[in-house]
Amino acid sequence: MRGSARQALALLLCAFAAGPAGFSQQVQLEPVRPQGRFIRRPYEPVEVPPVRLANSDRLRALVRAGKLYLTAQDAIALALENNIDIEVARYQPITLAWRLERSQAGGALPGVQGAASQAAQVASGQGVLGSQAAAGVNVNSNTTANRAAGNATVAQIGPVAQTYDPLLQTSASFSHRSSPQANVIQTVTTNLIQNQRNYAGSYQQGFSYGGSATVSYTDHYLNENAPTDVLNPSVAPSLAISLQQSLLQGRGVALNTRNITVAKMNLNTSDLAFRTQVTNTVVAVLNSYYALVQDYDGLSAKQSALDTARKFLDESRRRVDLGALAPVDLIPAQTQVSQSQLDLDNTQAEIGQDEVQLKDLISRMGAADPLLADVQIVPLDQLVIPEKDDIGPLKDLVEKARRNRSDLLAQNAAIETAKISALGTANGVLPTAQVFFGASQAGLAGTPRIVNGRTADPYFDGGTGTALGQIFRRNFPTENIGVFARATLNNGQAQADFGIDQLQLRQQQLNAAKNANQAEVELLNAVVALQ
């Protein structure tokens with residue numbers, strides 16, 4: 001066993017060194033990104049390869065004449081290639097890499113969309129309705145260039161990270177409207193007919209320090225039948241920029257990148273989970289393999305015991321026939337034969353169970369695999385007791401286990417990620433305070449018309465170029481700056497979230513200490529059992 005165990009250990013170490021990617025030569029698991037044009041690539045789904053349901057060729061090569069001849073090293077190699085639990089574990093680092101990519105994009109919870117806006121119907125000062133709005137009359141269809149809302153719009157535990165992927169929005173609408181006019185003093189028509197073309201576009205960008213910027217452009221074309229309109233048709237473009245920055249809740253790079261940091265840590269420690277799965281599978285394979293070896297050794301002993309019991313029963317019967325033994329004395333011999341037969345049957349049943357368990361570990365379909373359904377497993381390695389105990393001091397073994405056991409290392413990593421995630425609930429206790437700034441430029445141009453001997457100012461005579469010139473010359477600027485603050489009285493929800501988060505962290509720390517102690521107990525028990 002010593003040589004086979006060393007080979008198995010070497011194979012296992014190679015699996016650890018290669019990690020999840022070490023098996024990628026067998027089959028491609030990573031999703032394939034689109035290869036189209038740059039503009040289309042972000043909006044095409046990735047192609048995820050199908051799962052591998054067939055066994056490796058090694059398994060078929062080891063089956064000869066209805067028997068599967070296995071060494072311990074072969075059993076481990078088959079498990080590494082075909083075990084479904086290991087195959088499932090190989091997907092974990094790939095999934096975590098995509099989670100990291102999503103975290104780097106920022107934003108709210110998965111599946112939640114940000115706010116979107118469209119162009120308004122008319123601009124202030126444009127047409128009859130726009131003139132009414134400019135004069136202070138409330139008109140539902142009128143609006144000015146709006147400052148875009150923040151791109152984080154979902155409430156969750158802790159502040160929502162900004163959307164770091166740039167967001168480009170555009171919209172266009174075309175309408176033909178007829179509006180009845182009860183008061184015809186201004187429109188001089190009972191049916192105000194408007195043909196409109198409205199365009200809107202915006203660019204949003206969030207920043208890790210807790211701020212965001214938005215640049216928006218709108219353009220409104222209007223042609224209406226109002227005889228009093230001195231500028232018809234007309235265009236009214238506008239250009240606006242807005243900035244906002246969190247001052248308390250939601251402020252800070254460490255806070256807003258906590259999801260990215262956690263995703264990176266999870267990706268870096270994903271090999272620990274894979275190592276744990278490989279270790280558990282290899283241990284199960286070795287236990288099942290040598291249990292089968294032990295049962296085969298026991299089978300020979302049980303068969304020998306049965307043969308001996310039968311010979312003793314035959315000898316006892318001859319002695320009864322000769323009168324040298326009483327018939328009642330046959331009962332112990334018959335009982336021994338029955339007991340030996342039962343022991344043999346139980347061992348044969350155990351061999352069948354061990355084969356089913358080992359087949360399940362080394363094959364995709366286990367005992368249901370047509371290749372293995374009627375195959376007998378023949379183990380080639382034997383149990384050999386080493387000449388001397390070279391386990392080493394218990395203190396060194398315990399220290400080595402604390403340093404190298406992947407499950408303990410993964411627990412410590414989980415505690416560190418929980419501490420980073422707790423930055424969200426800690427910051428969520430603070431009130432909300434934001435400072436914002438906005439600046440917009442408006443333009444207006446069209447075809448002048450003479451109404452009652454009057455016409456529009458020549459400065460507005462022209463088309464879109466004239467209106468854009470007004471924008472870039474900043475003829476009609478609008479600026480605003482302000483502060484927004486909100487504080488929840490008592491703040492019970494945020495404090496409770498933070499308290500729950502910290503209590504759960506303490507539970508994780510205690511469980512980690514408990515599991516470390518349990519690992520030491522398991523190690524000591526294993527050493528005692530081995531000795």
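Values below: all heavy atoms of this structure, side chains included; hydrogens, waters and symmetry mates excluded. Here, residue 1 is the first one in the sequence, and each next residue gets the next number.
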Ignoring hydrogens and angles, tell me if any N or O in the side chain of [X] forms a donor-acceptor pair with the backbone of [Y] under 3.5 Å.
X	Y	value
Q104	Y164	no
N511	Q507	yes
D457	Y459	yes

Between [X] and [Y], which heavy-atom pair has the shortest distance, and what is it?
X	Y	answer
P93	L267	O-CD1, 3.4 Å
S178	I193	OG-CG1, 4.0 Å
Y221	P233	OH-CB, 3.6 Å
I415	Q509	CD1-CA, 3.8 Å
L444	F460	O-CD2, 3.1 Å
V235	A467	CG2-CB, 4.3 Å

Query raised in the report: How far does CZ of R52 sit from CZ of R364, to the nearest 0.5 angstrom?
Result: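 That separation rounds to 4.0 Å.
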
Query - Interatomic distance, S234 atom OG to N223 atom CG [nearest 0.5 angstrom] - result: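 Those atoms lie 8.5 Å apart.
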
**Report entry** Basic-acidic side-chain contact under 4.0 Å: E479, R474
**Finding:**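 Here E479 pairs with R474 in a salt bridge, since their nearest N and O are under 4.0 Å apart.
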
Requested in this report: Might you confirm whether atom CG of D57 has over 12 heavy atoms from other residues, nucleotides or ligands at distances under 6.0 Å?
Outcome: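 No, the 6.0 Å shell around CG holds no more than 12 heavy atoms from other groups.
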
Report task. Applying side-chain contact (heavy atoms from CB on, under 4.5 Å) between R58 and each of I362, N82, L78, report the one that passes. Result ->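 Checked I362, N82, L78 against R58; only one passes side-chain contact (heavy atoms from CB on, under 4.5 Å): L78.
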
